[in-house]
Amino acid sequence: MKADKIKVMSIFGTRPEAIKMAPLVQELSRRAGIESLCCVTAQHREMLDSVLHIFGLTPDFDLNIMEPRQTLSTITTKCLLGLEGVFQRARPDLVLVHGDTSTAFSAALAAYYGQIRVGHVEAGLRTYDKYSPFPEEMNRTLVGDLADLHFCPTPANRENLRREGIEKGVFLTGNTVIDAMTTTVRPDFRFSTEVLNELDYRGKKVIAVTCHRRENYGEPMEHIMAALRHIAETYPEVELVYPVHLSPVVQEVAHRHLDGLANVHLIPPIDVEEMHNLMARCFMVMTDSGGLQEEAPALGKPVLVLRRETERPEAVRAGTVKLAGVEYDHIVALARELLTDPAAYDAMAHAANPYGDGCACRRIADAIEYTFGQRETPPAPFGA
Ligand code: UD1
Ligand code: UDP
């Protein structure tokens, strides 16, 4: 048994990574055999800080790299250079990265250059289309090559890695976002965004919307926004709530199409507790986000995915998520079906939890202790 503490540095930079890494950082901090360090790149700023605040996390290192309309190359080079110095100072035994962002890829690459072991949280999701999602599919695949430990949310994710010849250091853990939801969703929750308290969740059909992805910039996003406008104009019983991502590209197109309608609420990004409780109360979700595709099924809410593909097919198979694509007619048709056909709605509105059971962080921490010789046996896989 190894007596020394394992120095584990969790690195993240965007809102979704923070939401999914926060419960893991908390779990690692509770382990006697682990020294847990947290480094943020701040690829996002306000949207990241909001999550840090909710979960009470104070980073040990903050690279503060965000700039308006940042390019992928700037994000990557700033992270690489910044992390080199951080690693020289902190000398971690293991670096943990999350998912498919440019922060995750650069941090895994920087750790590899420093010959530091890498653990990949949310490993093995794939579309096998390198431009969709762009650049996330390639980021995630490259992190898979760089990583020593792979924490897969679902059996299908583990199978993807197996097909690519990655079998060592793979653990089936569930997704940490389900762990995060065990603390955020509360029936008596009061929103600090007042319009969310005022909405008539029973009498109206509240649709929670998010849309921000780079591969949707341009024509696809124009079609999506036009479809959302049509839905709001055609169905007066709809209240469309869209917390708009702070990206200036997204802000411009959303406001241009959707301003000026009484039943459309374009609001600034809301904090994660507000988002989860909004989803828990809404009629349905329309989104191109990855995280919402995992969260809404757990809450029994139908999801229309505003993308051509998804690396999260489990909820599609469970019947709670449909791929709506990015064409105006198809999005409108699928929304119409859910809004006007109660049988179609009921067929999708049931709770499904293919992504986790709320114990992913415990399994990941156990797997780290096992790998570093502090534990005799690996954790039992999610679902076993
Ligand atoms: C990034 C991830 C994407 C993830 C998304 C979650 C990459 C390549 N993409 O995309 O996978 O789905 O985060 O939201 O890593 N901004 C602010 N304040 C903030 C956050 C963003 O002003 O708190 C603005 C900045 O102008 C920034 C722009 O948003 O330039 C876009 O942010 P960026 O991190 O480049 O990409 P995302 O589209 O957020
Ligand atoms: N989210 C949030 N506030 C918002 C919109 C989303 O807290 O205004 C949460 C959402 O519940 C999920 C995560 O942010 O946990 C998803 O992040 P995002 O859509 O930015 O990224 P993706 O999941 O597409 O990578």
Side-chain angles (χ1 to χ4, degrees), residues 12-23 40-55 64-76 78-79 97-107 122 125 132-140 143 175-181 184-185 191 193 196 208-217 221 241-252 265-280 282 285 287-296 298-299 301 303 305-307 310-312 355:
F12 47 89
T14 66
R15 169 174 66 195
E17 297 167 272
I19 292 168
K20 291 167 163 183
M21 288 295 268
V40 297
T41 63
Q43 176 179 334
H44 289 172
R45 188 71 273 171
E46 304 90 316
M47 286 161 56
L48 171 75
D49 292 344
S50 150
V51 184
L52 295 175
H53 176 73
I54 295 275
F55 288 93
N64 198 24
I65 67 159
M66 196 194 82
E67 57 185 65
R69 293 183 185 257
Q70 57 202 357
T71 67
L72 299 174
S73 307
T74 2
I75 299 171
T76 306
K78 282 182 167 182
C79 286
V97 301
H98 183 278
D100 57 11
T101 66
S102 291
T103 286
F105 165 60
S106 338
E122 201 181 78
L125 284 69
S132 186
F134 171 82
E136 288 81 5
E137 175 69 9
M138 193 48 72
N139 282 343
R140 198 188 291 271
V143 175
N175 197 309
T176 57
V177 78
I178 307 296
D179 299 28
M181 290 177 80
T184 52
V185 181
F191 296 94
T193 308
L196 301 181
V209 175
T210 77
C211 183
H212 70 277
R213 304 203 74 95
R214 278 178 195 256
E215 73 271 15
N216 279 341
Y217 283 9
M221 217 172 262
V241 182
Y242 178 3
V244 187
H245 193 291
L246 292 178
S247 164
V249 179
V250 179
Q251 288 279 339
E252 189 279 321
H265 310 275
L266 294 190
I267 55 177
I270 50 181
D271 74 39
V272 60
E273 287 187 306
E274 303 222 316
M275 191 66 204
H276 287 175
N277 284 286
L278 169 64
M279 277 194 282
C282 76
V285 174
T287 188
D288 65 357
S289 151
L292 264 68
Q293 292 177 57
E294 296 155 345
E295 294 161 352
L299 297 165
K301 303 301 171 164
V303 182
V305 176
L306 306 169
R307 290 169 55 179
T310 178
E311 62 287 82
R312 295 169 168 89
Y355 298 110

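Source: prediction; values computed, not measured. In listed order, ligands and their atoms are each counted from 1. Values below: every heavy atom of this structure, side chains too, minus hydrogens, waters and symmetry copies.
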Look at atom 29 (O) of ligand 1 and say which protein heavy atom is nearest, naming residue and atom and giving the distance to 0.1 Å. S247 CA, 3.1 Å
For T76 and S102, which I'm curious about, is there any donor-acceptor pair between the side chains at under 3.5 Å? no
Does a side-chain heavy-atom distance below 4.5 Å link R213 with L306? no
Atoms in ligand 1 flagged as close to P68, the criterion being non-hydrogen separation under 4.0 Å: 26 (O), 30 (O)
Considering only non-hydrogen protein atoms, determine which one is nearest to atom 1 (N) of ligand 2 and report residue, atom name and distance to 0.1 Å. M275 CG, 3.6 Å
Which ligand 2 atoms does H276 reach within 4.0 Å, using its non-hydrogen atoms? 11 (O), 15 (O)
Heavy-atom donor-acceptor pair, T193 side chain to L196 backbone, under 3.5 Å: no
Looking only at protein heavy atoms, identify the closest one to atom 10 (O) of ligand 1 and say how far it is in Å. H44 NE2, 4.3 Å
Against heavy atoms of P248, which atoms of ligand 1 measure under 4.0 Å? 26 (O)
Looking at ligand 2, is there an atom of it that comes within less than 4.0 Å of some heavy atom belonging to E17? no
Can you pull out the closest protein heavy atom to atom 18 (N) of ligand 1? Residue, atom name and distance to 0.1 Å, please. E46 OE1, 2.9 Å
For atom 8 (O) of ligand 2, which protein heavy atom lies nearest, and how many Å away is it? I270 N, 3.0 Å
Contact region, V272 to ligand 2, non-hydrogen atoms below 4.0 Å, reads both
Which residue holds the protein heavy atom closest to atom 20 (O) of ligand 2, what is that atom called, and what is the gap in Å? R15 NH2, 2.9 Å
Evaluate the side chain to side chain contact (heavy atoms under 4.5 Å, CB included) criterion for residues H53 and D271: first the C-alpha distance (whole Å), next the side-chain angles of each, then the deciding distance (0.1 Å), finally the verdict. CA-CA 9 Å; H53 176 73; D271 74 39; over 6 Å; no
Looking only at protein heavy atoms, what sits closest to atom 4 (C) of ligand 1 is H212 NE2, 3.9 Å
Ligand 2 versus D271: contacting region, heavy-atom distance under 4.0 Å: backbone
Nearest non-hydrogen protein atom, atom 16 (C) of ligand 2: S289 OG, 3.7 Å
Those atoms of ligand 1 less than 4.0 Å from some heavy atom in P16: 6 (C), 14 (O)
Relative to ligand 1, is P133 under 4.0 angstrom through side chain, backbone, both or neither, heavy atoms considered? neither
Distance from atom 23 (O) of ligand 2 to nearest protein heavy atom, with residue and atom: G291 N, 2.7 Å
Any side-chain to backbone donor/acceptor pair from T176 onto D179? Under 3.5 Å, distance only. no
P269 and R15, any side-chain heavy atoms less than 4.5 Å apart: yes
Does ligand 1 have any atom that is closer than 4.0 Å to a heavy atom of I75? yes
What is the nearest protein non-hydrogen atom to atom 10 (C) of ligand 2, stated with its residue, atom name and distance? L292 CD1, 3.3 Å
Do E311 and R140 meet the salt-bridge criterion of a basic N to acidic O distance under 4.0 Å? no
Under 4.0 Å, heavy-atom basis, I'd like to know which part of S289 is in contact with ligand 1: side chain, backbone, both or neither. neither
Going by the 4.0 angstrom heavy-atom rule, the piece of S102 near ligand 1 is both
Only heavy atoms of P243, strictly under 4.0 Å: list the atoms of ligand 2 that pass. 8 (O)
Under a 4.0 angstrom heavy-atom cut-off, which atoms of ligand 1 come close to E67? 25 (C), 26 (O), 27 (C), 30 (O)
Tell me, with the steps shown, if T101 and F12 meet side chain to side chain contact (heavy atoms under 4.5 Å, CB included). CA-CA 9 Å; T101 66; F12 47 89; over 6 Å; no
Looking at side-chain heavy atoms only, is the closest gap between M47 and T14 below 4.5 Å? no
Taking the side chain as every heavy atom from C-beta outward, state whether T103 and V97 have any atom pair closer than 4.5 Å. no
Using a 4.5 Å cut-off on heavy atoms from C-beta on, say whether the side chain of E136 contacts that of E215. yes
Got a donor-acceptor contact below 3.5 angstrom from the Q70 side chain to the Q43 backbone? yes
For atom 9 (C) of ligand 2, state which one of T193, I19, V177 supplies the nearest heavy atom. I19
Counting heavy atoms only, which of Q43, R45, R140, E136 is nearest atom 11 (O) of ligand 1? E136
Within the 4.5 Å heavy-atom criterion, are H212 and S247 side-chain neighbours or not? no
Counting heavy atoms under 4.0 Å, the part of K20 that contacts ligand 2 is neither
Atoms in ligand 1 with a heavy atom of P135 nearer than 4.0 Å: 8 (C)
Counting non-hydrogen protein atoms only, what is the nearest one to atom 11 (O) of ligand 2? Give residue, atom name and distance. E295 OE1, 2.8 Å
L72 to ligand 1: N or O pair under 3.5 Å? no
Any N or O of R69 that comes nearer than 3.5 Å to an N or O of ligand 1? yes
Heavy atoms only, cut-off 4.0 Å: how does M47 contact ligand 2, side chain, backbone, both, or neither? neither
One residue to check: R213. Relative to ligand 2, which of side chain, backbone, both or neither has a non-hydrogen atom less than 4.0 Å away? side chain
Stepwise, does the side chain to side chain contact (heavy atoms under 4.5 Å, CB included) test hold for E252 with V249? CA-CA 6 Å; E252 189 279 321; V249 179; over 6 Å; no
Of the listed options (C211, P16, S50), which comes nearest to atom 25 (O) of ligand 2 when hydrogens are ignored and any heavy atom counts? P16
I would like to know whether T184 and M275 meet side chain to side chain contact (heavy atoms under 4.5 Å, CB included); could you show each step before the answer? CA-CA 9 Å; T184 52; M275 191 66 204; over 6 Å; no
Identity and separation of the nearest protein heavy atom to atom 17 (C) of ligand 1: M66 SD, 3.4 Å
Quick one: look up the protein heavy atom nearest atom 32 (O) of ligand 1 and list residue, atom name and how far away it is. Q70 NE2, 3.6 Å
Could you tell me if Q293 and T310 have a donor-acceptor pair between their side chains, going purely by distance under 3.5 Å? yes
Against heavy atoms of M47, which atoms of ligand 1 measure under 4.0 Å? 19 (C), 20 (C), 23 (O)
Suppose we screen for salt bridge (Lys or Arg N to Asp or Glu O under 4.0 Å). Which residues come up paired with E294, at least two apart in sequence or across chains? K20, R312
Is there a donor-acceptor pair under 3.5 Å between the side chain of Y242 and the backbone N or O of C211? yes
Within ligand 2, which atoms have a heavy atom of P269 less than 4.0 Å away? 8 (O)
Any heavy atom of Q293 sitting closer than 4.0 Å to ligand 2? no
Which residue and atom name correspond to the protein heavy atom nearest atom 38 (O) of ligand 1, and how close is it? Y217 OH, 3.9 Å
What residue and heavy atom of the protein are closest to atom 35 (O) of ligand 1, and at what distance? R214 NH2, 2.6 Å
Using a 4.5 Å cut-off on heavy atoms from C-beta on, say whether the side chain of K78 contacts that of I75. no
Do H245 and T210 touch side chain to side chain, with heavy atoms closer than 4.5 Å? no
